[in-house]
Amino acid sequence: MKNYLRATFEATANIAVVKYWGKRDEKLILPTNSNLSFTMDDKLKTRTTVVFSEDFKEDELYLNGQKIDLNDQSASERMIQLDLVRKSAGFNHKARVASINCFPTAAGFASSASGMAALACSSATAANLKLSNKELSILARRGSGSACRSVLGGFVQWHRGKNEDGSDSYASEIFPASHWKELVNVIAVVDSEKKKTSSRSGMKQTILTSKLFEKRLQTINETIEDTIRAVEKRDFESFAKLIIKESNNMHAVMLDTYPPIMYLNDNSRKVIDKIIELNENKGKMIAGYTFDAGPNAHVYTIENNLEVVKETLKEIPGVKELIVCRIGNGPKQLTNESEHLLTVEGKVKDMFFDEKTKSIISR
Ligand code: PMV
């Protein structure tokens with residue numbers, strides 16, 4: 001075996017259209033319901049390099065150039081993937097991990113899906129594990145639930161699964177990115193504040209306190225089937241209506257949680273009003289919104305209506321920035337020496353995300 005094992009991947013965010021909100025197993029990160037998302041293109045991506053070596057004394061993580069304290073519980077929980085990879089590879093080498101989020105600053109985006117997917121791909125590859133997409137998705141899931149969907153491109157379903165060990169809870173591609181090329185996601189950035197409630201603790205509280213949540217679970221499989229059918233037929237009108245109702249449903253359940261969870265703010269609600277008004281004025285659905293655990297709006301539309309949707313969103317006071325994402329193909333391995341964030345011996349290179357050129361460059 002070589003002394004140093006290295007791999008670098010980029011993975012992108014995904015935006016759920018039928019949401020994951022609730023775990024049936026906290027430790028294994030198993031969801032209470034199946035869910036659906038589109039993987040985005042590289043407007044929102046994370047690049048991660050992993051080096052394993054028997055020379056390293058302990059695991060080290062560098063995020064956007066800063067060393068992260070792995071004694072911090074939430075950081076170390078997310079690094080569980082390294083232990084799982086070591087176990088499968090049959091070695092005990094410690095790892096050095098460097099990760100850069102290529103997200104617009106001040107957008108307040110959660111980068112856990114792209115980050116944990118990039119970590120799964122790069123750690124498994126560095127350790128020479130030849131994992132199937134299913135195994136890779138299960139590995140990413142252990143870092144963060146939604147990350148299990150970002151190891152694939154296109155339209156993705158995370159299957160709830162029934163097994164207690166989580167072996168059947170993974171994501172698979174339903175349609176490739178090429179299936180609906182006209183679909184666009186316009187992110188209306190309205191806020192940059194840090195999340196008040198983490199999705200982890202919020203979901204837990206919902207299960208403990210919300211009666212409405214049981215009702216949500218009774219109808220969610222029907223919503224999934226209807227949404228898959230709408231995407232299959234590229235039926236935007238049905239798709240938009242379904243995702244609006246589904247997002248509202250999740251946020252209603254959040255509000256029904258005690259203490260209540262409110263991720264939407266006044267600016268989010270202005271976006272909601274404007275989108276409903278736009279569709280009414282046009283006499284058909286040309287845009288559909290969805291919100292995750294934060295106030296930024298993800299507005300799905302199709303290419304022909306992109307300009308009018310952008311103009312509408314730009315007019316809303318409180319919308320600071322628009323990010324236009326198209327559907328992406330999933331993680332990508334990078335093999336050029338200049339692209340790795342760590343040298344072959346695991347030394348951290350002085351690299352950063354340059355907002356002007358939208359690329360990762362050396363300082
Ligand atoms: O994987 P987490 O813990 O970041 O949870 C994400 C949950 C939502 O973004 C609210 C919904 C989803 O399905 O992505």
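From a predicted model like this one, the values you see are computed outputs, not experimental measurements. Order of listing sets the numbers, starting from 1, for every ligand and every atom in it.
- Heavy-atom minimum distance, Gly22 versus Phe213: CA-CZ, 4.2 Å.
- Atoms of ligand 1 found under 4.0 Å from any heavy atom of Asp292 (numbered from 1 in listed order, with element): 9 (O), 11 (C).
- Set against the non-hydrogen atoms of Ser112, the atoms of ligand 1 under 4.0 Å away are 4 (O).
- In terms of N/O distances under 3.5 Å, ligand 1 is approached by Arg149.
- Every atom of ligand 1 is numbered from 1 in the order shown, and the set under 4.0 Å from a heavy atom of Ser146 is 1 (O), 2 (P), 4 (O), 14 (O).
- Salt bridge present: Arg200 and Glu77 bring a charged side-chain N and a carboxylate O closer than 4.0 Å.
- Between Asn14 and ligand 1, no pair of N/O atoms sits closer than 3.5 Å.
- Looking at Asp256, its side chain does come within 3.5 Å of a backbone N or O of Leu212 through a donor-acceptor pair.
- The backbone N or O of Arg160 lies less than 3.5 Å from a partner atom in the side chain of Arg24, making a donor-acceptor pair.
- Counting only residues at least two apart or on different chains, the side-chain hydrogen bond (donor to acceptor under 3.5 Å, both in side chains) pairs with a member in residues 131-142 are Ser132-Glu135.
- Cluster partners of Val18, by chain and number: Ile15, Val17, Leu36, Phe38, Met40, Phe155, Ile174, Phe175, Trp180, Leu183, Ile220, Ile224, Ile228, Val231, Phe236, Phe239, Ile243, Tyr300, Ile302, Ile327. The rule joins Ile, Leu, Val, Met, Phe, Trp and Tyr whenever side-chain heavy atoms lie under 4.5 Å apart.
- In summary, the atoms of ligand 1 found under 4.0 Å from a heavy atom of Gly145, numbered by their order in the structure, are 1 (O).
- Applying the 4.0 Å criterion to heavy atoms of Ala16 picks out, from ligand 1, the atoms 12 (C), 13 (O), 14 (O).
- Using a 4.0 Å cut-off between charged side-chain N and carboxylate O, Glu303 and Lys181 make no salt bridge.
- Taking any N or O of Ser199, backbone or side chain, at least one lies under 3.5 Å from an N or O belonging to ligand 1.
- Heavy-atom contacts of Ser144 reach the following atoms of ligand 1: 1 (O), 2 (P), 4 (O) (cutoff under 4.0 Å).
- Near Met203, the atoms of ligand 1 lying under 4.0 angstrom from a non-hydrogen atom of the residue are 5 (O), 7 (C).
- Considering both main-chain and side-chain atoms, Arg200 never comes within under 3.5 Å of ligand 1 through any nitrogen or oxygen pair.
- Residues Asn265 and Ser268 have side chains that bring a donor and an acceptor to within less than 3.5 angstrom of each other.
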